[in-house]
Colleague: 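This is the structure, below, for whatever I ask next.
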Amino acid sequence: MNKKVCIIGAGNIGIPLAVDFSYNENYDVYLYTKDKKRKENLTQNHLSYYDIDFNKTIKSKRLLITDDLEEACNNAKIIAITYPSFLMENLIKSISSFTFDTIFFLPGYGGGKDLIANKYLNKNCNIVGLDRAPYISRLNSETTATISKKKRLRFSTLKKEYKEKTKLELEELFKTPCEPLNNYLTVNLTPSNPILHTSRLYSLLKDKNPEVTFDRMIKFYKEWDDTSSDIMIKMDNELHNLIKQIPINLQEVIPLTTHYESNTVTEMTKKLSSIQSLQDINAPLILDSNTSKYKLDLNSRYFTEDFPFGLKILIEYALLFDVKTPTMNTVYKCYEDFITPSPPNTHQIITNQYFEIKNYGMNTKENIINFYSR
């Protein structure tokens with residue numbers, strides 16, 4: 001009898017994930033979307049992605065697409081979640097009554113996903129997170145994406161006893177080497193989007209007001225500049241100053257200068273502006289048909305995810321460990337100024353939700369050390 005894997009979210013990560021998983025004959029693959037019209041469109045068409053590294057298109061095999069959360073999740077071996085962080089708590093509450101073995105976050109950082117899952121789910125549930133997304137991916141339509149795959153994946157289980165079992169399961173599904181990390185805190189402190197994206201946005205917005213417009217679409221990475229690199233490296237250094245103060249083995253948190261093989265601002269700018277798989281990614285701007293100008297899309301995940309559920313949490317950790325983060329604070333203050341403009345400005349973010357680790361028992365550094373040392 002086949003095992004069941006459920007993918008929640010049919011977006012940039014969910015679509016290629018469903019395509020890849022559909023090739024595993026040992027699993028029945030369910031893809032959940034709460035949008036009934038989207039479900040109908042996904043059901044009527046093959047899902048596919050174009051892999052830019054191998055110049056080929058991969059179409060899905062057998063998939064079960066549903067807008068019924070219980071049908072998708074109940075009795076699953078693994079539930080893979082690609083939802084944004086601001087939806088995470090309500091989602092986990094909704095699935096908490098179902099029976100399943102593993103909840104798997106892609107990626108695992110941002111929004112305290114492990115803390116929320118630990119609070120609401122069965123204590124025997126295996127809580128797993130990747131330290132980075134498995135693909136660089138952008139949807140071309142509701143059913144197709146363009147992607148570049150990671151050559152290896154790194155993950156952590158909140159409970160160490162599940163580490164080896166999870167490695168085998170993930171390698172079976174992804175057909176990619178998967179490396180278990182020492183501690184889930186390594187995943188939470190990975191300097192990915194909460195530092196990478198926010199530094200670039202700060203460079204774009206630091207001298208602007210919330211009503212700023214642009215004459216053209218700006219490429220997020222292709223036009224990466226030295227200010228972005230400088231801010232990013234400084235925030236990464238602050239993060240690693242924090243890591244040095246936490247008496248847990250976090251050596252697997254890789255500095256961005258190592259990850260991108262760039263030790264200076266100039267080298268970093270050259271590197272990030274030249275990565276082929278990132279060339280077509282745009283800044284979070286939308287065209288205003290009335291003015292023919294581009295304005296900020298403050299409801300993009302760059303704003304709703306990376307600042308309030310990413311950078312803010314890193315600052316909270318640092319406060320508890322008495323580590324100064326002046327650059328992070330400056331960048332976060334810039335974000336706050338944009339989402340809470342003074343009247344008569346109208347450029348406001350739709351959701352002002354955010355996550356605070358103190359609401360999940362992380363009130364002191366001792367709480368953090370004890371929780372992640374178990």
Colleague: Would you mind reporting whether K358 and L319 have side-chain heavy atoms less than 4.5 Å apart?
Modeller: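 L319 does not reach K358 side chain to side chain.
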Colleague: Charged N to carboxylate O under 4.0 angstrom, K271 versus E267?
Modeller: no
Colleague: Donor-acceptor pair, distance only, cut-off 3.5 Å: does the side chain of K167 make one with the backbone of C178?
Modeller: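 Checking the backbone N and O of C178 against the side chain of K167, a donor-acceptor pair under 3.5 Å is found.
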Colleague: Side-chain donor-acceptor pair under 3.5 Å between N90 and Y83, yes or no?
Modeller: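 No, Y83 and N90 have no side-chain donor paired with an acceptor closer than 3.5 Å.
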Colleague: So do the side chains of S192 and D131 get within less than 4.5 Å of each other, counting heavy atoms only?
Modeller: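 Answer no - side chains too far apart.
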Colleague: May I have the step-by-step check of salt bridge (charged side-chain N to carboxylate O under 4.0 Å, His left out) for R38 and E142, ending in yes or no?
Modeller: CA-CA 8 Å; R38 183 96 193 276; E142 284 195 341; 3.8 Å; yes
Colleague: Report yes if the side chains of T102 and K77 come closer than 4.5 Å at any heavy-atom pair, otherwise no.
Modeller: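 In short, these two side chains do not touch, never coming nearer than 4.5 Å.
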Colleague: Can you tell me how the ring of Y221 sits relative to the ring of W224, calling it parallel under 30°, perpendicular over 60° and tilted otherwise?
Modeller: parallel
Colleague: Does the side chain of L17 reach to within under 4.5 Å of the side chain of F174, using non-hydrogen atoms?
Modeller: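 Counting from C-beta outward, L17 and F174 do come under 4.5 Å.
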Colleague: Determine, step by step, whether Y50 and N55 satisfy the side chain to side chain donor-acceptor pair (under 3.5 Å) criterion, reporting the C-alpha distance in whole Å, the side-chain angles of both residues, the deciding distance to 0.1 Å, and the verdict.
Modeller: CA-CA 7 Å; Y50 172 69; N55 190 28; 2.4 Å; yes
Colleague: Classify the side-chain pair E305/N193 by whether it contains a donor and acceptor separated by less than 3.5 Å.
Modeller: no
Colleague: Would a distance-only check, ignoring hydrogens and angles, find a side-chain to backbone donor-acceptor pair under 3.5 Å from K219 to L278?
Modeller: no
Colleague: Less than 4.5 Å apart, side chain to side chain, heavy atoms only: is that true for I15 and Y49?
Modeller: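 They are not in contact (no side-chain heavy atoms under 4.5 Å apart), so the answer is no.
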Colleague: Judged by modelled atom types alone, do D114 and N118 share a side-chain donor-acceptor pair under 3.5 Å?
Modeller: no
Colleague: Using a 4.5 Å cut-off on heavy atoms from C-beta on, say whether the side chain of F303 contacts that of D297.
Modeller: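 They are not in side-chain contact.
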Colleague: Ignoring hydrogens and geometry, is there a side-chain-to-backbone donor-acceptor pair from K160 to T157 under 3.5 Å?
Modeller: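 Not a single qualifying donor-acceptor pair exists.
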Colleague: Would you check if there is a donor-acceptor pair between the side chains of D306 and T198 at a distance under 3.5 Å?
Modeller: no
Colleague: Salt bridge check: are K312 and E316 linked by an N-O gap of less than 4.0 Å?
Modeller: yes
Colleague: Is a side-chain N or O of S137 found less than 3.5 angstrom from the main chain of N12, in a donor-acceptor match?
Modeller: yes
Colleague: Regarding S229 and D226, is there a side-chain donor-to-acceptor distance under 3.5 Å anywhere?
Modeller: no
Colleague: Please confirm whether Y332 and Y335 have ring centers closer than 6.0 angstrom.
Modeller: yes
Colleague: Side chains of M235 and V331: does their closest heavy-atom pair fall under 4.5 Å?
Modeller: yes
Colleague: Has N370 got a side-chain atom pairing as donor or acceptor with E366's backbone, closer than 3.5 angstrom?
Modeller: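 The answer is yes, because a donor-acceptor pair under 3.5 Å joins these two groups.
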Colleague: For the side chain of Q279 and the backbone of I275, is there at least one donor-acceptor N/O pair under 3.5 Å apart?
Modeller: yes
Colleague: Between N126 and T166, is any side-chain donor less than 3.5 angstrom from a side-chain acceptor?
Modeller: yes
Colleague: Starting at CD1 of I254, measure out to CG of L256 and round the result to the nearest 0.5 Å.
Modeller: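 CG of L256 is found 9.5 Å from CD1 of I254.
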Colleague: Counting heavy atoms not belonging to K333, are there more than 12 under 6.0 Å from its NZ?
Modeller: no
Colleague: Could you check whether the rings of F355 and Y360 sit parallel, tilted or perpendicular, using 30° and 60° as the cut-offs?
Modeller: parallel
Colleague: Verify whether one side chain among D225 and S228 offers a donor that lies under 3.5 Å from an acceptor in the other.
Modeller: yes
Colleague: Are the side chain of S148 and the backbone N or O of Y135 linked by a donor-acceptor pair below 3.5 Å?
Modeller: no
Colleague: With D28, which of K4, R62, K3 fulfils side chain to side chain donor-acceptor pair (under 3.5 Å)?
Modeller: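 That would be R62; it is the only one of K4, R62, K3 passing the side chain to side chain donor-acceptor pair (under 3.5 Å) with D28.
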Colleague: From I7 CD1 over to C73 SG, what is the distance, rounded to the nearest 0.5 angstrom?
Modeller: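 SG of C73 is found 11.5 Å from CD1 of I7.
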Colleague: Are T227 and K206 packed together at the side-chain level, in the sense that at least one heavy-atom pair is separated by less than 4.5 angstrom?
Modeller: yes
